[in-house]
Each structure stands twice: as structure tokens, then as C-alpha cells.
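Only heavy atoms go into these numbers, but all of them, side chains included; no hydrogens, no water, no symmetry mates. Naming convention: chains lettered A, B, ... in sequence-line order (proteins, then strands); numbering from 1 in each chain.
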Amino acid sequence: MSTREAQAERPVEPQAAPQSAPQAAKGAMRGDLGAVRREMARRLALLTPAMGIIILVMVVPLALMLTYSFLTSARYGGVIWEFSTDAYLQFLFVRDLDDSLLFNDTYLRIFARSFGLSLATMGVALLIGFPAALFIALQPPKYRTMLIFLVTIPFWTNLLVRNYAWILLLRDRGLINNTLMDLGVISQPLPLIYNNFGITLGLVYSFIPFMVLPIYASLEKLDWRLVEAAYDLGANRWEALKRVIIPLAKPGIIAGSVLVFVPSLGAYITPQLLGGGRNLMIGNLIQLQFGASQNWPFGAALAFILLAIVLLALVLWALRARRSGTSLKEVEIG
Amino acid sequence: MAENIAIDLRAVSKVFGSGPDEVRALDAVSLQIRDGEFFTLLGPSGCGKTTLLRLLAGFEQPTQGEIRLHGQELSGLPPFRRPVNTVFQSYALFPHMTVAQNVSFGLEMQGTSKAEIGRRVDEMLELVKLAGYGRRKPAQLSGGQQQRVALARALANRPKVLLLDEPLSALDLKLRKEMQIELKRLQNDTGITFVFVTHDQEEALTMSDRLVVMDSGKALQIGSPREIYEHPENRFVADFIGETNLLVARVDSADGESGTFRLPSGARVQGRSRDGLSAGAEVTLALRPERAELSDDPDAPLRGRIENVVYFGTDTLYQVSVNEVGLFRVRSQNVNGGMAAAGIGSTVGISFAPDAIQVLRD
Amino acid sequence: MANRTAAPKPVSLKRFPGLATGAAFFFVYLYLPILFVVFLSFNENRIATIWTGFTFDWYPLVLGNADVLRAAQNSLIVATFASVIATMAATLAALAMTQGRAMRRQEVVNGSLALPLLIPEIVTAVATLIFFVAIGMPLGLLTITAAHTVFCIPFAYLPIRARLEGMDPSLREAAFDLYANERQAFFRVTLPLLWPGILSGLLLAFIVSLDNFVITFFVSGPGSTTLPVYIYGMIRTGVTPEVNAVSALLLLVSLVLVTVALLLSRRET
């Protein structure tokens, strides 16, 4: 290809070629529409693989899941293609012998428990995560990077293994009970596992990096002179924390809370391993419909309800973030 | 005078870091700031003026030395136990609070009653001409208005000393001039001691009752603007404040404070020094361009060739190259339309009155 | 030093009482469980969590187990294909999103690319299972790889986009100015500078694929068990030193890969 041709092929973007001679500028004026169209075509081509995969293997399946939730359950898994709202009715009612609907709160209570556990997880994660984030933000920059790296590492290790580790620590003959009994503090093992305590501990452990990182991101940006100004005006450390540091870290605190709450609500591994199968959360209930219960429409309906709740939480957060002028990008993890 | 001293610094040093990274930001600075005066810390960036201000505010602790406020030792006291307040260079207004909440913050911290706080906030906003702006957020204000809020927030606490860290540096020239006058007015009205940090020599000269010129962590000279400008004690001060011609000379004869100096050209000039002079010693003489005159006198102490003429409106600057001295600057007032006689290339004499010559210490 | 006054205890305004203790507690909480698993993988005692002596025996035992090896092989196949495909797609998408002028609906595209991160894993798992069953695709390595590719995309996308955004756009313009066409500019200028970001994204995608359990659990069929699914089966039958040893190995792999990935992503442009 000759240089002439290469030059002709140059995309004529007004802002992309400011230094290249007058003909580019003229081209930008004359062929602006053509250039924009070419640019869009190029964009579309580049986006096709990623968007294609996500649409085909994620968006279409989600639509299919919604469809399944309105179909009739086949006896041994799968569906019969017949419209039915049974799956949603089953969420709140049982059919009596005479086919009348009786209110049944079994599933609602599992949702409520999941909410409760997720809120508790969020609160504990905030309580443990905020001081850690503040501590890291106050270190000299060279240590900060290393400490943040230490916070990130567990996120990248196997979630299953991390939850399994707590079995070793929490069970009746685990590290904690053994140590306490050896020290003579207790004579009977404490019930640390296969209950809400164990689940909350495991959930906090699973998702706490999501709390620390966004809070750290807001604290790191915090102009320390504002804290100095608070001191200068007579605020002691506690007042400065309460009146200046925490309010200014609020976007990070909210982001962290959402990022911990959302995966907690849909958790599967933690309640499975540390809840001992008796303490169901939404995730386990959904899985059951595709396992032992073989009620796919109900499973799909439950998954859809969970998705709706999560998306609602995310949308509310996004609206709030937009109003307060913080962009979601600022709290992205990576 | 001792009873009128607001701030008394005794051999205060501040060292940051240690080992090879050690930086001596302040080096045995001793100075006294009088009660009720407008005192300026002037120097180039990195001279230690901001460090000194942060020591007074309590954000840093001195490595050595004592700081007293009305006789009370301040070292060890955190900023929230010091009766001083700061106007920050960046204003440091709390972005999540309204103007009124910002101004009331310090009063709330001191446990002032609600009614009193409300009264004082109104009074302060009135004082800085921002009445009615109480419910706005800082981000909704212009730079100049934010500046006023920062002032109101600090003054609301009726501090014994108000510290101002280059508060005007973020404002454009016109606004800066307005705020200079405004600050002077506030200081007069409140009678509070102002300690003002700036690197702008003109600002320092016009606003201060007294000032200190600092460089490399040292206090080089303390005095009124007039003393500092007319009697600079050393090369740095002479050069940093205004324009100066420096001449190396030898002491010809000395008689107490006055003496005769021999310039490299061989000419002899009269001058004054506060230090003792010893005959034969080499000294540096400082001469302000506006105190020198172009003259036709063949016996003028300096002669040279005009290299450049720059018209400034109120005055004209002549750059004259003088043998063995270099470029010498002379400014002359443009009275009656100015003097057009001396053009580039012409040879002229330069003369000056004996009291125009300052002998520098180094 | 004679005039040094009795220095008062320096008050650092950046210290808060109890904060260091809180942070120390946090890091112990974060690392104690992981380290304990590794520690127990060297425990000679078969049954209890009681330390009876050091042994290295469990590692050869695990690595000699044909089932473990097959599961590990499946995991590697899936992770390799999923991460490579996802990284290529993510690189192209990142190029589309960062070069040229700002685009309308940019937020929508960015949001869609992050979709796999926002949707609860269990929901994705259910939807994907239903999808494969509905189109009659037998569950196996292919379905697992397809499902993994989806959630690998955002993990690969974020570091690559970050790197592209940190790149001076005038470099590409300079290439055009010096007569490079679109292709030449990409291969001679953009790609060499983008490499660390791409590698970093690839490694992160590889790790999340290797470690994934929930989605894999739903869309795997007989014979396509991956390592996490196999470990899950082992845990359900009981706590054994073999589980500890496999877990420790998996932790080690993740640790090495994430360290390399994060070091790469920190490299100066």
C-alpha cells in the first residue's frame, strides 16, 4: 500500500487528527457525516464479539428464565410449555384440598431471613471494614499500595476454599473451640457453626473486600486539609471523624454496603457450608428447585424475584450516586 | 513592650524526615509578633513560612524551641485546644455543609448555645458581606465568596490570632486587590492579630504593619515595610523585595555608621551602614533603581551606555551597561511627558544621593 | 542540642486511638483462615484439627489421585479457553469504548459489559442451565466454557480499559500523522503499549474461571467435573487432609497469578 493510500485511509476525526495539515480539517467539515458513520461502524464491529457473547449467553438465558417461570412444571425436572402462574402463587400460597389458596409464609420467611442475614453482614462488614480502610488511607503512599494489595488478594482466591477454611476454625473440634477448651475457658464447644452466626461470619469474610475498597477510595481522595480545618475550629478527633471524615466518605460507605449486600443476598456456598443445610437462604432454595424438588418454574420464579430485588437496589443506588455527583466508575473494583 | 507580645517564637526549628532525607524547614527562628498587628511572613516557596504557620496552628510540632502565645507555651497542644484559627490557602470549606453550618462549626465545637451561634453566624456573614448566603453550599459560591466564608468561619471563634495561609493566591488580580483592602478593614475592625503568609512582596509591603523576610528556613530580616524596603540588610532581602542594583565596593574610610566606598571604576561614593565598617573591607552596596538618576555631570560616580529603554507609563526604566559593574538599572518618573533625550546607545552618567546607598551584611 | 526543650509527646493528628488495633484485627481475620488451611495441609494427623506432626505426604497423595488430576485438567481447559476468548472480546470492546470521541449510550454499553458482575451468580447459573437445556445442548466442558466466557469478560475488560484510558491519545494520532493506517497504528503503537493490560486482564479472567463454583456446579455434566466442583464433593463427605492439600494448591495458584496480574497492571504506561 502506498503512503498516499494510507493517508487517504486515515480516519477523519475532527479531534483525532488536529496536527495533520489543513486537508484533514477540511475533510472533517465536508465529510463529517461519512466520518461519523464510519466511526460508528468501526465501534459496532469492535463491540460485536463481547456484546454478542453477553447477549447470547446471558441476556437471552435471563429472558428464557423469565419465560420458564410462567410455564408448568414437569414432574421430573424441566417444563411443559403451558402458561401458568403457579410458580408465583406458590411463593405466597399453598393449594388446599378443595383447590382454594391458603397463605403460606414458608418462602417469604426464607427471603426475610436472607434479608436479615445480608443486612447483618453489611453492618458487620462496615464495622470491621471502615477502621481498616481509614487506617490504610492514613498510611504513607508506599505502604498503602501494599496494604490494598493485601485486601484484594483474598477476593481472588477460591470462595469455596475460603468458606471451607471457616469449617476448620468454627466446628466443635475446630481451632477456636479446641483452643478455648484447652485454655479452660469453656468446657463444652460453643455453637459457632451451622447457625446464623456461622453464616454471617462467612458472608462477611467472603465479601469484606467489597466494603473496604470503595471506602478506601473515598477516604484516599479526602482532602486532609478539611480535617485540619475541623481541628483548627476546635473539633477533637472524634468530632472530626463524625462531622467531616464519615460524611465525606459516605459515597464509599454506601457503595461498599451495596456491594456487600447484593452478593450476600444471593449467596449459595456460605449458607450451604456454614449453615449446615438447615439454615436456608434464597440461593439454596433456588438450587433445591433444580435438585431435589425438580420444580424448574418455581426455581426460575424465585431467581427472577431475587434478580428484581437486586436490580432495584442497584438502580436506587445509581440514582442516588448520580444525584450526589459520584460516578459508579469511582467505586469500581479492579 | 513585653506585655504587648502576642506570639513569641524562641529558636524554633522544624526538621522533617531523618537521615539523608532530612529537611530542615525551619532553622532556629526567633521572632515576636505584637498584639493586634498585621504581621506578614514573606518569602519564596519552600522558605519555611507555611511550616511556621502550621506550627502556630498546631498541625505540626516544633523539633526544637518554644512557641508562646500571650506567655502560654503552645508546644504539645493539639490545634483544637489553641485559641488560634486558620484561613487555609484552599479555604478548606466543608463541602457537605452549608455556609452557615461551616461558620457555626467552631462555635458548636466549643459548646456555644444555639441562640448565640445563630446570632454570631449572622453577625459574621454581615461582617464579610455575605448576609443571606447562609443556606448555600460552598460549591455554589464564587472564589471570592468562598474566601469570605473561610474568613467568617475563622473569625466567628474570636481567635486571639488569625493565621492566613496565602489566602489570596487563588483569586484573580482585581479580586485580590479588593480582598487586600477588605482584609485590612477586617483587621482594623476586629483588632485581632493577623499572621499572614504570602510570597507576593507587593502584597506584603502594602498590607503589613511589620513583616519578616524568610529564606531557607531562616528569618532574615524583621521590620516595617519601610524599613525592609529602604534598609535591606542583606543581598537576599534587597533582591527579593523590589528591584535592586548591587555594587561590590571597598571601604575607603569609615567614621562610625557612615563611610566612603571605592567602586571598581575608581569613583568614590558616600554611604551608611548600621554595622561598624573597617577600612579595606569588601562590601556589597545596594541601590534602588528609582533612587538613581541619569545625569550629564562628567563627575558622576558611574558612567555607561544605555542598552535598553522600557516605558512603564508612570516611569521609564533605563538599562545602562557600566564597565566592571554590568547592567545597572535606573528608573525615572515620567513627569511632564517624560525625558526623551536619553536614547539607546548614548553615554550617560549615573548619580545618586549618599542616603540612597545601603551597605549589605553579606 | 543544649537548647532542645523537653519535647512534649508529639501528637500526630493522623492517628486515631484504637485504629491500628482495628486494622490489625481486620488483617488477622482476613488471613488467619487461609493460612490455617495451608498449615493443616502439612498436618500428619488424619482425623482431627489437632497438630501431631509435620508431613508432606498429602501432596503426592493428592497429585497421584486420578480424579483430582482429571478435574484439574478440566479446570485448566475451561479456564484457558474461556479467558482467552473473553480477553480477545474484551480488548476489542475496550478499544471501541476508549478511542475516538465520547459516544451516546456509552453508559449503557459499559453497564452491559459489567452486567455479569452485577447479576447474582445463582441467577446466572439458573438462567444458563435453563438456556442450555432448552436449546438441547448436552452439559459438559463446552457449556461450562461458554458460561465462564460471559463472566470472564468484565474481569478482562476493566484492566484493559483502565490501561487504554491511561494512554495518551495523541500517540495514536501521532502514528496517523506519520502515515500509519488504522491497522499499523494498532499493531505498532497501541498493542505494544496495551500488552500489560491485556495480560493482566487475561490472568484475572483465568483466575475467576479457575475458581468458579456456583455456575459450574449448575452447568457441568457427568465427566466434566472441575476442580472446585470436585473439592465441594470432597468437603461434603468430610474434612480430610486431602481437601486441605488441594485447597492449599488452589490458593497458591490464585496467589501467584493475581500477584503477576496486579504487578502488570501497575506498570507505568
Open item on the list: Report which part of C:F155 has an atom under 4.5 Å of a heavy atom belonging to chain A: side chain, backbone, both, or neither.
Closed with: side chain
- [ ] Determine whether A:Q289 and C:V126 make a side-chain contact, defined as any pair of heavy atoms from C-beta on separated by less than 4.5 Å.
- [x] no
Task: Validation row: C:T149, A:V57 side chains within 4.5 angstrom (heavy atoms) - done: no
Task: Trace of the side chain to side chain contact (heavy atoms under 4.5 Å, CB included) decision for C:I130 with A:W296 - done: CA-CA 9 Å; C:I130 289 174; A:W296 287 31; 4.3 Å; yes
- [ ] Count the heavy-atom pairs under 4.5 Å between each of C:A125, C:G111, C:A127, C:P159 and chain A, then report the option with the highest count.
- [x] C:A127
Task: Top contributor to chain A interface from C:I235, C:I207, C:N212 [non-hydrogen pairs under 4.5 Å] - done: C:I235
Open item on the list: Is there a side-chain contact between C:M97 and A:L46 in this structure, where contact means two heavy atoms from C-beta onward sitting under 4.5 Å apart?
Closed with: no
Open item on the list: Could you check whether any side-chain heavy atom of C:I85 comes within less than 4.5 Å of a side-chain heavy atom of A:I53, counting everything from C-beta outward?
Closed with: yes
- [ ] Using a 4.5 Å cut-off on heavy atoms from C-beta on, say whether the side chain of A:N158 contacts that of C:P228.
- [x] yes
Task: A:L62 portion near chain C, given a 4.5 angstrom heavy-atom threshold - done: both
Open item on the list: In the structure I gave you, are the side-chain heavy atoms of A:L159 and C:D211 within less than 4.5 Å of one another anywhere?
Closed with: no
TODO: Can you tell which part of A:V59 gets under 4.5 Å to a heavy atom of chain C, answering side chain, backbone, both or neither?
DONE: side chain
Task: Nearest atoms (heavy-atom pairs only) where C:A96 meets A:R43 - done: O-NE, 2.5 Å
Task: chain C contact via A:I282 - which portion, at a heavy-atom distance below 4.5 Å - done: neither
Open item on the list: Please identify, among C:V37, C:I153, C:T124, the residue contributing the most non-hydrogen atom pairs under 4.5 Å to chain A.
Closed with: C:I153
Open item on the list: Only pairs of heavy atoms separated by less than 4.5 Å count here; which of C:V253, C:N244, C:I231 has the most with chain A?
Closed with: C:N244
Task: Interface residue of largest heavy-atom contact number with chain A, from C:T91, C:I135, C:L113, C:V246, under 4.5 Å - done: C:L113
Open item on the list: Counting heavy-atom pairs closer than 4.5 Å to chain A, which one of C:L115, C:V243, C:L210 comes out on top?
Closed with: C:V243
TODO: Decide if atom CG of A:L288 counts as having more than 12 heavy atoms of other residues, nucleotides or ligands within a radius under 6.0 Å.
DONE: yes
Task: Region of A:W238 in contact with chain C, defined by heavy-atom distances below 4.5 Å - done: neither
- [ ] Please round to the nearest 0.5 Å and tell me the distance separating atom CZ of C:F36 and atom CG of A:L175.
- [x] 4.0 Å
TODO: Measure the acute angle between the ring planes of A:Y268 and C:Y232, then classify it against the limits of 30° and 60° as parallel, tilted or perpendicular.
DONE: tilted
Open item on the list: Using side-chain heavy atoms (C-beta onward) and a distance below 4.5 Å, is C:L257 in contact with A:W156?
Closed with: no
- [ ] Name the member of A:L134, A:L44, A:V262, A:L302 that forms the most heavy-atom pairs with chain C at distances under 4.5 Å.
- [x] A:L134
TODO: Check whether C:V208 gets within reach of chain A through its side chain, its backbone, both or neither, counting any heavy atom under 4.5 Å.
DONE: side chain
TODO: Below 4.5 Å from any heavy atom of chain C, which atoms of A:V79 appear? Answer side chain, backbone, both or neither.
DONE: neither
Quick one: side chains of residues 16-34 of chain C, donor-acceptor pairs under 3.5 Å with protein atoms, not counting sequence neighbours, listed by atom name and distance.
from: C:Y29; atom 1: OH; to: A:L201; atom 2: O; distance (Å): 3.0
from: C:Y29; atom 1: OH; to: A:Y205; atom 2: N; distance (Å): 3.0
from: C:Y31; atom 1: OH; to: A:L150; atom 2: O; distance (Å): 2.4

Open item on the list: For A:I128, which atoms come within 4.5 Å of any heavy atom of chain C: side chain, backbone, both, or neither?
Closed with: both
Open item on the list: Could you check whether any side-chain heavy atom of C:V214 comes within less than 4.5 Å of a side-chain heavy atom of A:Q287, counting everything from C-beta outward?
Closed with: no
Task: Rounded distance [0.5 Å steps], OG in C:S247 versus CG in A:L160 - done: 7.5 Å
